[in-house]
2 protein chains.
Amino acid sequence: MEFSEAKNKFIQTWGALGSQWGINKTMAQIHALLMVAPDALSMEDIMEELQISRGNASMNLRALMDWGIVYKEYKAGERKEFFIAEKDLDELAVKIAQERSKREIKPALKVLKDVSSGVKNDTSAEAKHFTAQTEKLYDFVLKADNMIEKVTEMKENWIGRLVMKIMK
Amino acid sequence: MEFSEAKNKFIQTWGALGSQWGINKTMAQIHALLMVAPDALSMEDIMEELQISRGNASMNLRALMDWGIVYKEYKAGERKEFFIAEKDLDELAVKIAQERSKREIKPALKVLKDVSSGVKNDTSAEAKHFTAQTEKLYDFVLKADNMIEKVTEMKENWIGRLVMKIMK
DNA sequence: ATAAAGTTTCATTATTTTTTGAAAGTTTAA
DNA sequence: TTAAACTTTCAAAAAATAATGAAACTTTAT
């Protein structure tokens, strides 16, 4: 297999996987590209390689930076901005877990709490079942979210320790 | 809050959450509806409640059954089919994890293995970096997938034990 | 065997999401 | 201060995804 073929296959697959997980294709592709790039890439480089417009590149790079998994880098003597991906996979996993928890799980928990405790003065079997069921769901999602938090804390500490060790 | 209002809010939220996680809105809404329904619902009931077409209801019910999180139920004397949701949340989580692993992670692993071990006779720095990086990614995703497997096995055994206990 | 009751399929239509590109905005060097 | 180099925004267009509904199919009771 040619290198360019392999690279392309990797970027396409990562993009498709992103879509399936609710992350847009271009965002996932840019991330994939940066993950395997040995050096920081400019917006031009990215547009060229993925054949996408400037606006698209700009918006998705911003999104990746908001997620904390891509960083800007300035090169001496260059006016352009360059971009690099978080390449530590543990760190990547932690960041993604934290962002999804913050953006999706937390708001869902709020709604679950509201609806499970909000129905008053309705003694129908349907209403009672609803309240019981949504309460269970609230507890379950809360536990799952706490578990994610625990795991990411653990990873962060582990990474923290590693960083300390390296920097001495 | 009225019961109908709470119910609606729950179904809408669950649907929106589904979209964000790459599951279509109607599929998630049907699941939400069945989760809080005290009894099995017919396709008519579901169409009525969610204001969706027969075709849409049929296809998404099929998808939910393929995922193993909704079951058909036949009522004595009724020709119609009725549907109920998996209500055990541990079981639900296990099923979803298993399906996503099978449908998305396993195929991704295959591609990662192919591209990480497929580039030969290219000594450029870029190619070397690519191979190293995709290898790391392969190992990481493989480990994550194994972890999911371990956790679901554990949950399954726990459920198995519980079922045994109940049935004596 | 057949007709009624019910379900599934799939070409077409509608909706949602993503992408484009040109205009507006920003920063930097001189 | 200004103009060149670069980035961001956002309305409009394109692409992708989901929903409809009528026809085809299946099952069941007689």
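Each chain gets a letter, A, B and so on, in the order the sequences are listed, and its residues count up from 1.
- In this structure, the CE atom of A:M47 is 11 Å from the C1' atom of D:dT7, given to the nearest Å.
- The separation between A:L41 atom CG and D:dT7 atom P is 13 Å, rounded to whole Å.
- Protein atom CG of B:D45 is 11 Å distant from nucleotide atom P of C:dT7, rounded to whole Å.
- You'll find the side chain of B:L41 stays beyond 4.5 Å of the side chain of B:F82, heavy atoms only.
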Using nucleotides 2-4 of chain C, report all nitrogen or oxygen pairs with the protein that are shorter than 3.5 Å.
| residue | atom | partner | partner atom | Å |
| --- | --- | --- | --- | --- |
| C:dA4 | N3 | B:R79 | NH2 | 3.2 |

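- Per the geometry, CD1 belonging to A:I23 stands 11 Å off P belonging to C:dT18, to the nearest Å.
- The distance from atom CD of B:E44 to atom C1' of C:dA5 is 10 Å, rounded to the nearest whole Å.
- No salt bridge links A:E5 with A:K9; every basic N to acidic carboxylate O contact stays at or beyond 4.0 Å.
- When the side chains of ILVMFWY residues are joined at heavy-atom separations under 4.5 Å, either directly or via intervening members, A:M59 and A:I52 end up in two distinct hydrophobic clusters.
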Distances under 3.5 Å between nitrogen or oxygen atoms of protein and nucleotides 8-17 of chain C:
| residue | atom | partner | partner atom | Å |
| --- | --- | --- | --- | --- |
| C:dT8 | OP2 | B:S58 | OG | 3.2 |

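- Considering only heavy atoms from C-beta on, A:K80 comes within 4.5 Å of A:E44 through its side chain.
- Ionic pairing of B:K143 and B:D139 is not present here: no N-O contact between side-chain nitrogen and carboxylate oxygen is shorter than 4.0 angstrom.
- A salt bridge is defined here as a Lys NZ or Arg NE, NH1 or NH2 lying under 4.0 Å from an Asp or Glu carboxylate O, and B:E99 with B:K95 fails to meet this definition.
- A cation-pi arrangement is absent between B:R100 and B:W67 under the rule of less than 6.0 angstrom and at most 45 degrees off the ring axis.
- In this structure, OH of B:Y74 is placed 10 Å from P of D:dT27, rounded to the nearest angstrom.
- Salt bridge status for B:K110 with B:D114: present, with a side-chain N to carboxylate O gap under 4.0 Å.
- Atom pair A:N60:CG and D:dT9:P shows a separation of 13 Å (rounding to whole Å applied).
- Atom NZ of A:K80 and atom P of D:dT8 are 14 Å apart (whole Å).
- Comment: A:E2 does not engage B:K120 in a salt bridge, judged by the lack of any side-chain N to carboxylate O separation of less than 4.0 angstrom.
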